[in-house]
Asker: 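Below is the structure I would like to discuss, written out as structure tokens.
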Amino acid sequence: LDNGYTYGGIRYLSSPNENEVYLVQVGDYDILPSDYDNKIGLEGALNGMTDSETHLINSSFTTFLGYDAVNFSLSTNDDYYGKGIAFIKDDLEYIKLYMILVFNSTENFDNYDRFVKSFKLR
């Protein structure tokens, strides 16, 4: 994309189980870390994900595994709900954006916390 973001594809996608779908996406920023603002990058990633079908319900900045992150919730026109966290892994050599999402047919996310807490970086 024009902002230097390269979509890295889906690294993990669960099999549907009780109407819950788990998704992890990864992307790279082709930009020097010294020229990159983590919060602006996170806001841009979330805003870029929304369209006429997908709407952000809320979002808030936090940290995840020691990295700048944003928690968010969204809904779709197909009556699906999403809950997730996006975070920036910046090791001074490259920048990676991770987005962890859970989609559900209801606003009940019983397994969300367990799934997010199980996430490991290599």
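Quick note: numbers below take in every heavy atom, side chains included, and nothing from hydrogens, waters or symmetry partners. These numbers were taken from a predicted model, which means no experiment stands behind them.
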Asker: Is there a side-chain contact between L42 and L97 in this structure, where contact means two heavy atoms from C-beta onward sitting under 4.5 Å apart?
Answerer: yes
Asker: Tell me the closest heavy-atom pair linking D37 and I40, and the distance in Å.
Answerer: OD1-N, 2.9 Å
Asker: Sub-3.5 Å donor-acceptor pair from the side chain of T54 to the main-chain atoms of D51, do we have one?
Answerer: no
Asker: Does any N or O in the side chain of N104 come within less than 3.5 Å of the main-chain N or O of E107, such that one atom is a donor and the other an acceptor?
Answerer: no
Asker: Go through the steps for V70 and I85 under the test side-chain contact (heavy atoms from CB on, under 4.5 Å), then give the verdict.
Answerer: CA-CA 6 Å; V70 61; I85 188 166; over 6 Å; no
Asker: With ring centroids as reference points, do Y80 and F103 lie under 6.0 angstrom apart?
Answerer: no
Asker: Can you list the residues that meet the side-chain hydrogen bond (donor to acceptor under 3.5 Å, both in side chains) rule with N77, with sequence neighbours excluded?
Answerer: H55
Asker: Taking side chain to side chain contact (heavy atoms under 4.5 Å, CB included) as the definition, give me every residue that meets it alongside N58, ordered by chain and number, with sequence neighbours left out.
Answerer: S73
Asker: Could you go through residues 59-68 and list every donor-acceptor pair under 3.5 Å that involves a side-chain atom there, pairing it with any protein atom two or more places apart or in another chain?
Answerer:
unit_1, atom_1, unit_2, atom_2, d
D68, OD2, N38, ND2, 2.8

Asker: Please determine whether side-chain contact (heavy atoms from CB on, under 4.5 Å) holds for the pair F72 and L56, giving the CA-CA distance in whole Å, both sets of side-chain angles, and the decisive distance to 0.1 Å.
Answerer: CA-CA 7 Å; F72 61 93; L56 275 177; 4.1 Å; yes
Asker: So which atom in Y112 and which in G84 form the shortest heavy-atom distance, rounded to 0.1 Å?
Answerer: OH-C, 3.2 Å
Asker: Does any part of the side chain of L74, heavy atoms only, come nearer than 4.5 Å to the side chain of Y81, both counted from C-beta?
Answerer: no
Asker: Check F109 against V102 and note the closest heavy-atom contact, atom names and distance.
Answerer: CE2-O, 3.4 Å
